[in-house]
A.B. asks: 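There's a structure below that I have some questions on.
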Amino acid sequence: MKKSLPLLTCLLLSAFANTAYSNSVQAKDLPFAIAIHGGAGTIEKSRFTPEKEAAYRAKLTESVEAGYAILEKGGTSLDALTAAINILENSPFFNAGKGAVYTHDETHEMDASIMEGKNRQAGAVAGVKHIENPINLARLVMDESVHVMLSGAGAETFAKSQGVELVDNKLFDTDHRYKSLQRAKAKMKKAKQENKDYQAAHSALDTEYKVGTVGAVALDKFGNIAAGTSTGGMTNKRFGRIGDSPVIGAGTFADNNSCAVSATGHGEYFIRYNVAADICARVQYQGKTIEQAGKEVIHDVLMPIGGTGGVIIIDTKGNISLPFNTKGMYRASKSNGQMTYVGIFKDD
Ligand code: ASP
C-alpha cells in the first residue's frame with residue numbers, strides 16, 4: 001500500500017515547489033538592460049579613420065558589456081551604471097575624467113550625478129578638479145552624506161573624509177582637448193574682433209565644443225532603474241560654469257514610476273528645459289512611451305530653440321530609447337538575451 005505523506009509535509013513541499021518555480025521564472029523572465037552614451041555632437045563618418053571608429057566602438061562595447069555583466073549576475077542598476085561610466089571616464093576618448101575638456105584657464109572642472117529610481121535618492125558633484133572618477137563621488141554623496149549636491153573645494157573635502165584620493169588636475173590632460181581649447185579661443189577672439197559680445201561669440205562656437213559627456217541608465221533584475229552622468233562640461237568654460245550634468249532633473253533623472261534618463265548636449269538648454277525630468281513627466285502623467293516622450297523633448301522642444309544634444313532612456317520594462325538631434329551620438333545598449341547594439345552615426 002502506498003504510504004501517503006502527512007498533510008503538513010505536503011503543504012510544505014507544495015509551498016517550496018511554488019517558490020522554486022516562481023524564482024526560476026523571475027530569474028529567467030525578468031527584464032534587465034543597460035544603455036550608455038559617450039556624448040552627442042558633430043560626429044560624422046568623414047571625420048573618422050576606420051581605426052579610430054573601431055577603437056570608439058570597442059570602448060563603447062567594453063563599457064556596456066561591463067555594466068551588463070553586473071546586471072546578469074544579479075547586481076544593482078547603480079553598480080552596473082557606475083562600472084560602465086568608470087570605463088568611459090578612464091578613456092581619453094570621452095569628455096569625462098581623463099579626456100575632460102579644458103576650461104578657459106587651461107584646467108579641468110568636472111560635474112557628475114547619479115539617481116536611483118526606487119526612492120528618488122540622488123547625489124551630485126559640481127566643479128571638482130581632483131577626483132579621478134567623479135561619478136563615484138556623486139554616489140558617495142548620495143549614500144554617505146545628508147545632501148544631494150556638493151561643489152568645488154567642499155566636495156573635495158568630503159571626498160577626503162570618505163577616503164577618496166585627490167589626484168593632480170594634470171591627470172586629465174590630453175593633447176586633442178588642448179588643441180580644441182586653442183581652436184575655441186581663436187574662434188572667440190575672431191568673433192570679438194567682429195564686435196560680437198561674449199554671448200554672441202560663445203554661441204558662434206560649434207557644437208563640437210559644447211558636448212561630449214558620458215552617461216548610463218540601467219534596469220536591474222529587482223525592477224529598479226537608475227541613471228548617472230559624468231562630464232568635463234564645455235570647452236573654454238569660465239567663471240565656475242556648471243552644466244546640466246550634475247543637475248537632477250536636467251541632465252539626470254530616475255523614477256521607477258516613469259523612466260531613467262541621462263543627457264548630453266548644450267547644458268544651458270537642458271537646465272532651462274529640465275530635460276530629463278520633463279521626459280519622465282510625459283511618461284508618468286501623459287501615458288507616453290519613452291520613445292514618444294524622448295522624441296518630443298529632443299526634437300520638438302529643443303531642436304527649434306537650438307538646444308543640441310540627446311538622451312538615453314530606459315523604463316522598468318526594459319524598453320530603451322536613444323534620441324538625439326545632432327549628427328551623431330556615441331551610444332550602446334544591451335538587453336537580456338539580446339545582441340549588443342553600438343551606434344555612433346545617425347544611420348547606425
Ligand atoms: N551637457 C554637458 C554640459 O553642458 C556637456 C555635454 O553633454 O557634453 O556641461
A.B. asks: Are Y341 and Y56 grouped together when hydrophobic residues (ILVMFWY) are joined by side-chain heavy atoms under 4.5 angstrom apart?
C.D. replies: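 No, no single cluster joins them.
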A.B. asks: Between V311 and I305, is there shared hydrophobic-cluster membership here, with clusters defined by ILVMFWY side-chain heavy atoms closer than 4.5 Å?
C.D. replies: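 Yes; I305 is reachable from V311 via cluster members.
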A.B. asks: Do you see a donor-acceptor pair shorter than 3.5 Å between the side chains of D315 and N319?
C.D. replies: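 Indeed, the side chains of D315 and N319 share at least one donor-acceptor pair under 3.5 Å.
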A.B. asks: For the residue pair H104 / N236, report whether a side-chain donor-acceptor contact shorter than 3.5 Å exists.
C.D. replies: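 Yes - a donor-acceptor pair under 3.5 Å links their side chains.
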A.B. asks: Any side-chain heavy-atom pair from D255 and C280 closer than 4.5 angstrom?
C.D. replies: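 No. Closest side-chain heavy atoms not under 4.5 Å.
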A.B. asks: Between E53 and R57, does at least one N-O distance fall below 4.0 Å, as a salt bridge requires?
C.D. replies: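 So E53 pairs with R57 through a salt bridge.
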A.B. asks: So, E156 and K129, do they make that salt bridge, N to O below 4.0 Å?
C.D. replies: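 The answer is no: the pair does not qualify as a salt bridge.
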A.B. asks: Verify, without hydrogens or angle tests, whether E65 (side chain) and E62 (backbone) share a donor-acceptor contact under 3.5 angstrom.
C.D. replies: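 The answer is no, because no donor-acceptor pair under 3.5 Å joins these two groups.
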A.B. asks: Going through the distances and angles, do E268 and R272 end up as a salt bridge (Lys or Arg N to Asp or Glu O under 4.0 Å)?
C.D. replies: CA-CA 6 Å; E268 280 66 11; R272 291 194 287 121; over 6 Å; no
A.B. asks: Taking only residues two or more places apart in sequence or in another chain, which ones pass ring-ring contact (aromatic ring centres under 6.0 Å, His included) with F158?
C.D. replies: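 Listed in chain order: nothing, the list is empty.
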A.B. asks: Can you tell if the side chain of M149 reaches within under 4.5 Å of the side chain of V125, non-hydrogen atoms only?
C.D. replies: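 The answer is no; the side chains never approach within 4.5 Å.
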A.B. asks: Looking only at side-chain N and O atoms, does E89 offer a donor or acceptor that is under 3.5 Å from a partner on S230?
C.D. replies: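 Their side chains do contain a donor-acceptor pair, which is all the 3.5 Å distance test asks for.
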A.B. asks: Kindly state whether the ring of H108 and the ring of Y102 have centres lying under 6.0 angstrom apart.
C.D. replies: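 Judged by ring-centre distance (under 6.0 Å), H108 and Y102 do meet the cut-off.
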A.B. asks: Going hydrophobic residue to hydrophobic residue with side-chain gaps under 4.5 angstrom, can you get from L81 over to L88?
C.D. replies: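 Linked, L81 and L88 end up in one cluster.
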A.B. asks: Checking S245 against T229: is there a side-chain donor and acceptor pair closer than 3.5 Å?
C.D. replies: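 No, S245 and T229 have no side-chain donor paired with an acceptor closer than 3.5 Å.
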A.B. asks: Identify whether NZ of Lys or CZ of Arg in R241 sits under 6.0 Å from the centre of the six-membered ring of F239 and within 45° of that ring's axis.
C.D. replies: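 So R241 doesn't make the cation-pi contact.
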A.B. asks: Please find out if less than 6.0 Å separates the ring center of Y330 from that of F93.
C.D. replies: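 No - the distance between ring centres of Y330 and F93 does not fall below the 6.0 Å cut-off.
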A.B. asks: Would you indicate whether the side-chain heavy atoms of V261 and T252 approach each other to under 4.5 Å?
C.D. replies: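 With C-beta onward as the side chain, the pair stays apart.
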A.B. asks: Taking the side chain as every heavy atom from C-beta outward, state whether K221 and L71 have any atom pair closer than 4.5 Å.
C.D. replies: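 Contact flag for K221/L71 side chains = no.
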A.B. asks: Please tell me if the side chains of N336 and Y68 come closer than 4.5 Å, counting only heavy atoms from C-beta onward.
C.D. replies: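 Yes, their side chains come closer than 4.5 Å.
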A.B. asks: Should E194 and K190 count as an ion pair when the cut-off is N to O under 4.0 Å?
C.D. replies: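 A salt bridge links E194 with K190.
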A.B. asks: Kindly work out whether a path of hydrophobic side-chain contacts (I/L/V/M/F/W/Y, heavy atoms less than 4.5 Å apart) joins I34 to L219.
C.D. replies: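 Cluster IDs for I34 and L219 differ.
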A.B. asks: Report yes or no: do N119 and N256 form a side-chain donor-acceptor pair below 3.5 Å?
C.D. replies: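 No, because no side-chain N or O of N119 sits under 3.5 Å from a partner of the opposite role on N256.
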A.B. asks: Find out whether I290 and I314 are in side-chain contact, i.e. whether some heavy atom of one side chain is under 4.5 Å from a heavy atom of the other.
C.D. replies: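 I290 does not reach I314 side chain to side chain.
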A.B. asks: Is the cationic atom of K52 (NZ for Lys, CZ for Arg) positioned less than 6.0 Å from the six-membered ring centroid of F48 and within 45 degrees of its normal?
C.D. replies: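 Yes, K52 and F48 form such a contact.
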